[in-house]
Amino acid sequence: MSRLIKPEDIPETLWHAETSCLHLPPTLLIAWKYLLQHAGLEEKALQQVPNGITGGLSKDATDEHLAWRFSGSSARVQLCFLDPEGKLTEVADAFAKALSGGTVLLADLPCGSGAAALALLSTIAELRRQNRIPRNPLTIKIIGGELSDFARGYANIATDHIKDALAEQAIWISAEFLSWNALDKFSTADLTNRLTLLGQECSARLILLANFSDFLQREGKWKDASPQFENLFLHGRALNSFVLWIEPQTNGVLGSGGFFGRALTWFKKLFSEHQTEDEQKALAVENLGKSSADVQHPLKNHKFNVQLVVQRFDLPLNGAKT
C-alpha cells in the first residue's frame, strides 16, 4: 500500500529529520497549556518528573499525570500516526485511511485527559495547515471512556478549546466522555451501545486503546477485564473497523508471559473461525510494531525519549466465536 503521508512530506513543525526529533503539534500545545493554566499546574509541569507516575482516580493523581505524562502519552500516538522512520507501515496506513475524510467514529479508551485523541486531531490539522495532505471534509465523533471524573472533565475542556482551530482545517468534531470501568459489564454495555448508535453512518470506526498494560498486567486485572474487551471488539465489527492498541515498551508488555502475549492469544481464540492460518500466525509478539524517538519537550529546553509497541487488530465483519 502506498503511504498517504510519506516520511519526507512530514513538516518540521512535527518532525525534524536531521535530528530525528518529534515536535508536538501546535494545536495540541494550545490545548495542553490551556489545561495547565486552568488547573493551576504550569509550575508543576516544569518540575523534574518523579518515577512511577501512572495517573489515578483522585484529582492529585490526575493532575500529576496531566502535568508530567500528558506530553509522553501524546507523543506515542503521534509517532504511531506519522511513523517518520517507516517502522509501523500497517499502523500508519490504518490511521491515514480512516482519517482522510468522511465521518469517522473514534473511541479513545481509556481517554484520561484526552492526550491520544487530541494528538491525533492536532497532527491531522497541522498536516493540513502545512498543505501536506488534502483538506477533505472530516467529521469525527469522539467517544472517550474514562473512570476518573477529573480526567473526563479535562478532556472535555481541552477538546472544546480547539474546536475552532480544527474547523479551520475542515475538521469538525463532536465529543462525549463517558464514565467507563473496564472491569464492569454494565458501564461497558452502555459504552458499546453508544458506539453502535453513533457508528451507524460512519465510513470508518477506530478504537484506540493506549497505556492499559500497567493496570491489566502489573495489577493483574486482565482476567476480570477480558469479558469487557470481548464486548467492545465484537460490537465494534464493521467495514473499515479496527483497533489500535499502543503501549510503552516494557518487559511487562513484551516479556515472557507479558501483556501482549496474553492479548494476542485471547484475540486469536476469539476470532479463530474467521481468520486464515496465515493471519493467525502473524499475530505474534515478535511481529508487533515497535518504534522510538526523541521528543522536544514543549515547555523545557530538553528532549525526552518515547518507546512504543503497537498492534493493529482488524475486526472481521463476518463474525467471531461466542
Side-chain angles (χ1 to χ4, degrees), residues 1-32 71-102 104 106 115-138 140 162 165-171 203-204 206 208 210 240 242 244-249 282 287-312 314:
M1 180 187 293
S2 177
R3 289 279 297 273
L4 177 63
I5 306 163
K6 297 179 175 63
E8 58 269 25
D9 292 334
I10 302 173
E12 288 194 354
T13 50
L14 297 174
W15 171 254
H16 195 273
E18 291 185 5
T19 58
S20 298
C21 185
L22 203 67
H23 292 257
L24 298 180
T27 303
L28 176 68
L29 298 185
I30 291 172
W32 185 37
S71 55
S73 297
S74 301
R76 274 192 290 273
V77 174
Q78 182 184 345
L79 181 59
C80 276
F81 181 26
L82 293 176
D83 186 27
E85 296 184 333
K87 298 177 180 178
L88 307 170
T89 299
E90 284 193 4
V91 174
D93 285 346
F95 274 130
K97 180 180 179 182
L99 299 170
S100 58
V104 179
L106 172 61
L118 292 167
L120 274 181
L121 297 170
S122 299
T123 301
I124 298 166
E126 183 62 13
L127 289 167
R128 290 181 171 210
R129 190 175 73 86
Q130 298 283 350
N131 296 315
R132 304 306 172 95
I133 59 174
R135 294 176 71 256
N136 298 325
L138 175 62
I140 302 181
I162 62 171
L166 297 174
E168 290 176 1
Q169 302 305 324
I171 303 168
S203 56
L206 168 60
L208 185 59
N240 199 19
F242 50 89
L244 293 177
W245 200 319
I246 305 169
E247 296 291 342
Q249 286 188 39
N287 294 332
L288 289 165
K290 304 178 188 69
S291 189
S292 64
D294 286 335
V295 185
Q296 177 61 52
H297 196 289
L299 304 179
K300 307 177 188 178
N301 187 27
H302 82 87
K303 300 174 184 178
F304 62 93
N305 186 262
V306 291
Q307 299 181 343
L308 67 87
V309 57
V310 58
Q311 176 64 47
R312 168 179 169 172
D314 291 290

Min side-chain heavy-atom separation [X]-[Y] under 4.5 Å:
{"X": "Leu82", "Y": "Leu127", "value": "yes"}
{"X": "Leu244", "Y": "Cys80", "value": "no"}
{"X": "Leu24", "Y": "Gln78", "value": "yes"}

Given the rule in the side chain to side chain contact (heavy atoms under 4.5 Å, CB included) test, do Asn240 and Lys97 qualify, once you have shown the distances and angles that lead to the verdict? CA-CA 9 Å; Asn240 199 19; Lys97 180 180 179 182; 3.6 Å; yes
According to the side-chain hydrogen bond (donor to acceptor under 3.5 Å, both in side chains) rule, which pairs have a member within residues 295-311, sequence neighbours left out? Asp294-Asn305
Here the side-chain hydrogen bond (donor to acceptor under 3.5 Å, both in side chains) pairs for residues 20-30, sequence neighbours left out, are none
Considering all heavy atoms, the nearest [X]-[Y] contact:
{"X": "Arg128", "Y": "Ser100", "result": "NH2-O, 3.5 Å"}
{"X": "Asn136", "Y": "Gly101", "result": "CB-CA, 4.3 Å"}
{"X": "Pro248", "Y": "Val309", "result": "O-CG1, 3.9 Å"}
{"X": "Ala98", "Y": "Phe242", "result": "CB-CZ, 3.7 Å"}
{"X": "Leu79", "Y": "Ser291", "result": "CD2-OG, 3.8 Å"}

[X] side-chain N/O to [Y] backbone N/O, donor-acceptor pair under 3.5 Å:
{"X": "Arg312", "Y": "Glu90", "result": "yes"}
{"X": "Asp83", "Y": "Leu88", "result": "yes"}
{"X": "Arg76", "Y": "Leu308", "result": "no"}

Hey, mind stepping through Leu138 and Ile140 against side chain to side chain contact (heavy atoms under 4.5 Å, CB included) and telling me if it holds? CA-CA 6 Å; Leu138 175 62; Ile140 302 181; 3.8 Å; yes
Steps toward side chain to side chain contact (heavy atoms under 4.5 Å, CB included) verdict (Phe81, Leu14): CA-CA 11 Å; Phe81 181 26; Leu14 297 174; over 6 Å; no
With side chain to side chain contact (heavy atoms under 4.5 Å, CB included) as the criterion, how do Ser71 and Trp32 come out once you've worked through the C-alpha distance, each side chain's angles and the decisive distance to 0.1 Å? CA-CA 8 Å; Ser71 55; Trp32 185 37; 4.2 Å; yes
Pair up each side-chain donor or acceptor in residues 115-126 with any protein partner under 3.5 Å, not counting sequence neighbours, and list the distances.
from   : atom 1 : to     : atom 2 : distance (Å)
Ser122 : OG     : Leu28  : N      : 3.1
Ser122 : OG     : Leu118 : O      : 2.8
Thr123 : OG1    : Ala119 : O      : 2.7
Glu126 : OE1    : Arg129 : NE     : 2.9
Glu126 : OE1    : Arg129 : NH2    : 3.2
Glu126 : OE2    : Thr13  : OG1    : 2.8
Glu126 : OE2    : Arg129 : NH2    : 2.8
Glu126 : OE2    : Gln130 : NE2    : 3.0

For Glu247, enumerate each residue passing the side-chain hydrogen bond (donor to acceptor under 3.5 Å, both in side chains) test, keeping only those at least two apart in sequence or located in another chain.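 Glu247: side-chain hydrogen bond (donor to acceptor under 3.5 Å, both in side chains) contacts with Ser213, Trp245.
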Just to verify, what does Arg135 make a side-chain hydrogen bond (donor to acceptor under 3.5 Å, both in side chains) with, not counting sequence neighbours? Gln169
With sequence neighbours left out, what residues match Glu85 under salt bridge (charged side-chain N to carboxylate O under 4.0 Å, His left out)? Lys87
